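Here is the structure we will look at.
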Amino acid sequence: MKKTTRNVVLALVSAVVLGSSAYLIAADHIDAPAVTGKGSDITDFYAFQSPATSSNMVFVVNTQGLLAPSATAAAKFDSNVMLEINIDNSATKDAVEDLVIQVTFEDGKVQVYGPVAPVQTGLQSTLVSADSKKVEAAISTYKATPVIGSSNSVQVFAGPRDDPFFFDLDQYKKIIGGTATAFNNPGTDTFKGTNVMSVVVELPKSLLGSGTINTWATSNRKN
């Protein structure tokens with residue numbers, strides 16, 4: 001895959017201080033019909049300091065929410081879609097990606113490139129050179145022992161996992177409809193028992209620059 005058109009189905013920008021234990025979470029489970037349920041449909045993006053290694057950052061991009069546990073993992077990742085984690089580490093924080101981590105899927109495997117300077121920025125993306133710190137792993141199946149690829153201090157996992165986002169949709173509808181004024185504690189987890197297709201990348205903070213970064217995730221479909 002070379003040149004791709006970027007689908008800004010999710011553009012979550014947040015400041016993450018690399019020297020702290022900052023945690024970013026954002027979710028978007030309902031999109032336009034042309035996107036929902038497709039390989040380019042991002043439901044969640046997380047960025048946080050590794051709980052096991054404080055010098056590492058973890059990025060999680062989840063796609064295709066509300067999947068049944070029986071969904072076939074390898075078939076659900078689309079070989080025509082590239083996920084991209086964008087990192088703005090410039091002093092001016094101009095919301096332009098200075099580094100990218102690109103994720104592609106092929107033949108039951110996930111490939112991760114970067115972090116590396118992008119070939120181009122903006123509304124289109126180009127897959128970086130194949131020798132740009134590529135890490136590869138087999139796509140894991142549901143409840144299987146996770147297959148984790150590791151190279152150049154970068155680790156990657158891809159496969160179905162239980163949807164981590166908690167949301168009480170029925171109570172939300174009542175609040176919007178005016179029949180309730182607040183959420184219940186505890187509420188009802190609408191997404192319980194459903195899966196997302198998850199990609200997890202862990203890497204040293206030193207590969208991302210220093211100080212504060214802006215980070216967001218996008219999906220890109222091959223032209």
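These numbers come from the heavy atoms of this one structure, side chains and all, not from hydrogens, waters or symmetry mates. It should be emphasised that the depicted structure is a prediction, and the values quoted were computed from it without experimental measurement.
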> Looking at L83, D78, T43, which hits side-chain contact (heavy atoms from CB on, under 4.5 Å) with T63?
Replying inline: L83

>> Using 0.5 Å steps for rounding, measure from the OG atom of S140 to the CE atom of M197.
In response: 9.5 Å

> In Å, rounded to the nearest 0.5 Å, how long is the span from CG of D98 to CG of N89?
Replying inline: 4.5 Å

>> Please check this pair: side chain of N80 against backbone of R221, looking for a donor-acceptor N/O pair closer than 3.5 Å.
In response: no

Report, one line per pair, each donor and acceptor closer than 3.5 Å where one atom sits in a side chain of residues 170-184; sequence neighbours left out.
unit_1: Q171; atom_1: OE1; unit_2: N184; atom_2: ND2; d: 3.4
unit_1: Q171; atom_1: NE2; unit_2: A182; atom_2: O; d: 2.7
unit_1: T179; atom_1: OG1; unit_2: K174; atom_2: O; d: 3.3

> Can you name the closest pair of heavy atoms from I42 and S219 and give their distance?
Replying inline: CD1-N, 3.8 Å

> Are any side-chain N or O atoms of K222 and backbone N or O atoms of M82, one a donor and one an acceptor, separated by less than 3.5 Å?
Replying inline: no

> How close do T141 and P160 get, heavy atom to heavy atom, and via which atoms?
Replying inline: C-CG, 4.0 Å

> Between atom CG of L203 and atom CG of N56, what is the distance when rounded to the nearest 0.5 Å?
Replying inline: 7.0 Å

> Hey, any chance F191 and L169 share a hydrophobic cluster, counting ILVMFWY side chains that come within less than 4.5 Å of each other, even indirectly?
Replying inline: yes

> Closest approach of E202 and S50, non-hydrogen atoms and distance?
Replying inline: OE2-OG, 3.3 Å

> When you measure from the side chain of D163 to the backbone N and O of T194, does any donor-acceptor pair fall under 3.5 Å?
Replying inline: no

>> I'd like to check the side-chain hydrogen bond (donor to acceptor under 3.5 Å, both in side chains) partners of E136; sequence neighbours left out, ordered by chain and number.
In response: Q111

> Heavy-atom distance under 4.5 Å between the side chains of V61 and V103, does that happen here?
Replying inline: no

> What heavy-atom pair brings G159 and I139 nearest, and what distance separates the two atoms?
Replying inline: CA-CG2, 4.2 Å

> Heavy-atom distance under 4.5 Å between the side chains of Y46 and N62, does that happen here?
Replying inline: yes

>> Once rounded to the nearest 0.5 Å, what's the spacing between atom CG of D162 and atom CG of D189?
In response: 8.0 Å

>> Please find the pair of heavy atoms, one from V196 and one from P164, that lie closest to each other, and give the distance.
In response: CG2-CD, 4.2 Å

> Could you state the interatomic distance from CG (N86) to OG1 (T218), rounded to the nearest 0.5 Å?
Replying inline: 4.5 Å

> Do any N or O atoms from the side chain of T190 and from the backbone of F167 form a donor-acceptor pair under 3.5 angstrom?
Replying inline: yes

> Is there side-chain contact between D88 and E97, with at least one heavy-atom pair below 4.5 Å?
Replying inline: no

> Got V60 and D44 here, is their nearest side-chain heavy-atom distance under 4.5 Å?
Replying inline: no

> About how many Å separate CD1 of I85 and CG of L208, when rounded to the nearest 0.5 Å?
Replying inline: 9.5 Å

Enumerate donor-acceptor pairs with a distance under 3.5 Å from any side-chain N or O in residues 144-158 to protein atoms, sequence neighbours excluded.
none

> How close do T126 and Q102 get, heavy atom to heavy atom, and via which atoms?
Replying inline: O-NE2, 3.2 Å

> Are the side chains of V96 and S90 in touch, meaning some heavy atoms are under 4.5 Å apart?
Replying inline: no

>> With a 4.5 Å cut-off on side-chain heavy atoms, are F59 and T215 touching?
In response: yes

